[in-house]
Amino acid sequence: MTGPPRVTKAVIPAAGLGTRFLPATKASPKEMLPVVDQPAIQYVVEEAVRAGLDDVLMITGRNKRPLEDHFDRVVELEHQLEAKGDAAKLALVQEASELATIHYVRQGDPKGLGHAVLAAAQHVGQEPFAVLLGDDLIDARDPLLELMIEVQAREGGSVVALMEVPHEAISLYGCAAVEAVDGGAGGDVVRITGLVEKPPVDEAPSDLAVIGRYVLSPTVFDVLRTTPPGRGGEIQLTDAIETLIATEPVHGVVFRGRRYDTGDRLDYLKAVVQLAADREDLGPPLVAWLSEWLAARA
Ligand code: UTP
């Protein structure tokens, strides 16, 4: 007996303009900003691979070169490191090019996240697939995507990652109206009954914000083809998923772990400090210096 199609493909949109991080993102994608010593996008690809998705489609735009180069081999550099006998650095350089099979498609005009996801239609075909936003980091110690894939396999339809945010911050996100489901893993799995992109605080149906992980039914492509531009004149993925609710189950997985929006300057700085502080090589001297520095400022 063959079951429903398994999720095997990850789509990583990385074609946005990154205006919140200008001028750093003027000539290179925000997804290439280093978080400690690795570009943000590599954490995202690693997360997809950990969840068993090693067919990755990256949606890129005008600045795609650095993204492609990062996941490609740099033979001269490998030779040089080999000649020097620097096995550790050689492994670091090779890691990114051996992670997954990465395909690329260009979005052309960045008309919004929904438009970027639609660019994946041909590659994805008729299977459910994951979407991981290229600037949104989920801490490797806090599993999320694996759980979302499990929920999709059980319930069908689509699954969206949600996170509780302070009430006054909800207007920065897509917001979900939800109801409980039986056996919903202690409230962490909910049914989504409505979605609205960046609602005014007093109109938000909950404090549950949509964050950058989705497992979507391929039906979303048909919906996206006819989704008109929404908030900000962009074709919104949130609007397409809201349409799906009428015909298919849409569930939410409420994430309570560590997440960093590296497209936001303050969140980016927090990500660098937190991830470096937890590293064996950099953590102890960084934390010692930070404590001294903060004490001196007090
Ligand atoms: P954002 O909402 O952060 O938008 O995109 P943005 O345009 O990249 O950044 P700001 O707000 O101007 O600073 C979320 C994700 O969707 C991708 C982005 O690359 C990012 O990974 N995206 C967004 C696209 O691929 N195409 C788009 O048209 C818009």
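Both counts, for ligands and for their atoms, begin at 1 and track the order of listing. Sequence positions, counted from 1, serve as the residue numbers for this chain.
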Any residue meeting side-chain hydrogen bond (donor to acceptor under 3.5 Å, both in side chains) with Glu68, in chain and number order, not counting sequence neighbours: Lys64
Please confirm whether [X] comes under 4.0 Å of ligand 1, counting heavy atoms of the residue only.
{"X": "Gln107", "result": "yes"}
{"X": "Ile59", "result": "no"}
{"X": "Ala14", "result": "yes"}
{"X": "Lys30", "result": "yes"}

Considering heavy atoms of the protein only, find what lies nearest to [atom] and give residue, atom and distance to 0.1 Å.
{"atom": "atom 14 (C) of ligand 1", "value": "Leu133 CD1, 3.8 Å"}
{"atom": "atom 13 (O) of ligand 1", "value": "Arg20 N, 2.7 Å"}
{"atom": "atom 25 (O) of ligand 1", "value": "Ala15 N, 2.9 Å"}

Is the [atom1] atom of [X] crowded by more than 12 outside heavy atoms at less than 6.0 Å?
{"X": "Arg265", "atom1": "CZ", "result": "no"}
{"X": "Arg65", "atom1": "CZ", "result": "no"}
{"X": "Gln80", "atom1": "CD", "result": "no"}
{"X": "Gln122", "atom1": "CD", "result": "no"}

Checking the N or O distance criterion of under 3.5 Å, is ligand 1 in contact with [X]?
{"X": "Thr19", "value": "yes"}
{"X": "Phe21", "value": "no"}
{"X": "Leu17", "value": "yes"}

Backbone N/O of [Y] and side chain of [X]: donor-acceptor pair under 3.5 Å:
{"X": "Asp136", "Y": "Gly212", "answer": "yes"}
{"X": "Ser28", "Y": "Thr25", "answer": "no"}
{"X": "Glu234", "Y": "Pro229", "answer": "no"}

Could you tell me, atom by atom, which parts of ligand 1 come under 4.0 Å of a heavy atom of [X]?
{"X": "Ala116", "answer": "24 (C), 25 (O), 26 (N)"}
{"X": "Glu31", "answer": "18 (C), 19 (O), 20 (C), 21 (O)"}
{"X": "Lys111", "answer": "28 (O)"}
{"X": "Gly112", "answer": "26 (N), 27 (C), 28 (O), 29 (C)"}
{"X": "Pro110", "answer": "28 (O)"}

Evaluating non-hydrogen atoms only, which member of Ile12, Leu237, Thr25, Leu113 is closest to atom 16 (O) of ligand 1? Leu113
Given Pro13, Gly108, Gly16, which has its nearest heavy atom closest to atom 23 (C) of ligand 1? Gly16
Give the C-alpha distance, both sets of side-chain angles, the deciding distance and a yes or no for ring-ring contact (aromatic ring centres under 6.0 Å, His included) between Tyr43 and Tyr260. CA-CA 11 Å; Tyr43 293 88; Tyr260 317 97; 8.9 Å; no
Any chance you could measure Ile138, atom CD1, to Leu144, atom CG, to the nearest 0.5 Å? 5.0 Å
Does some non-hydrogen atom of the protein lie less than 4.0 angstrom from atom 2 (O) of ligand 1? no
Looking just at side-chain N and O atoms, do Glu179 and Thr193 make a donor-acceptor pair shorter than 3.5 Å? no
